[in-house]
Structure formats: structure tokens, C-alpha cells
Amino acid sequence: MVSRYDAIVVGGGIAGSSLAAAVARDGARVLVLERETRFRDRVRGEQLQPWGCEEARKLGIWDLLASIGHRQPWVDLYLGEARI
């Protein structure tokens, strides 16, 4: 059996759709499988690490993410009572 697709991505959220778009831009035939029939906005408490910002720029989605997100100029990290 010959597949109609070069890649199948399970999940059409930000990660899945970004991956699918990047692979399709390279010429692959991509199928995205998503169980939701309507978009559900979910708060997950996620953040984008510095290396993820660069990847978002490469994928061409940085401007969108920056326009809807909150920029945090610094983070204070603690190990017990010690700030590191």
C-alpha cells in the first residue's frame, strides 16, 4: 500500500500545526489529525524558553506568539530559600 502522505502529525495545537507547516514547507505531504472539532482555548501555564523563541522565528510564528503572549523580562529562580 502506498501512502498519500509523507508525514502524519497527531494533534493540531501550536506544536503540531507548527511542525506540520514546517515539514510541508519543505515539500512533504502532511496530514494533521486533531480530535477537537472546534478550537478550545486552554490555559496551561506554559512558557517559551529562549531556544524556543529562536525556533519560533525559524518557523515563522514568532510575530503571532509575541502579539498574543506576555513577555517576561526576567525570572527569579529559587532553590529552597536561596535565589539562584
Please output the side-chain donor-acceptor pairs of residues 75-84 that fall under 3.5 Å, not counting sequence neighbours, one pair per line with the distance.
none

Could you go through residues 15-28 and list every donor-acceptor pair under 3.5 Å that involves a side-chain atom there, pairing it with any protein atom two or more places apart or in another chain?
unit_1 : atom_1 : unit_2 : atom_2 : d
Ser17  : OG     : Gly13  : O      : 2.6
Ser18  : OG     : Ile14  : O      : 2.6
Arg25  : NH1    : Leu59  : O      : 3.1
Arg25  : NH2    : Leu59  : O      : 3.0

Could you go through the side chain to side chain contact (heavy atoms under 4.5 Å, CB included) check for Ile8 and Val30 one step at a time? CA-CA 6 Å; Ile8 298 174; Val30 182; over 6 Å; no
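For residues 50-61, no residue pair satisfies the side-chain hydrogen bond (donor to acceptor under 3.5 Å, both in side chains) rule, not counting sequence neighbours.
Residues Gly12 and Val32 share a closest heavy-atom pair of CA-CG1, 3.8 Å.
Looking only at side-chain heavy atoms (C-beta outward), Leu33 and Leu31 come within less than 4.5 Å of each other.
For Arg29, the side-chain hydrogen bond (donor to acceptor under 3.5 Å, both in side chains) test picks out Asp6, with sequence neighbours left out.
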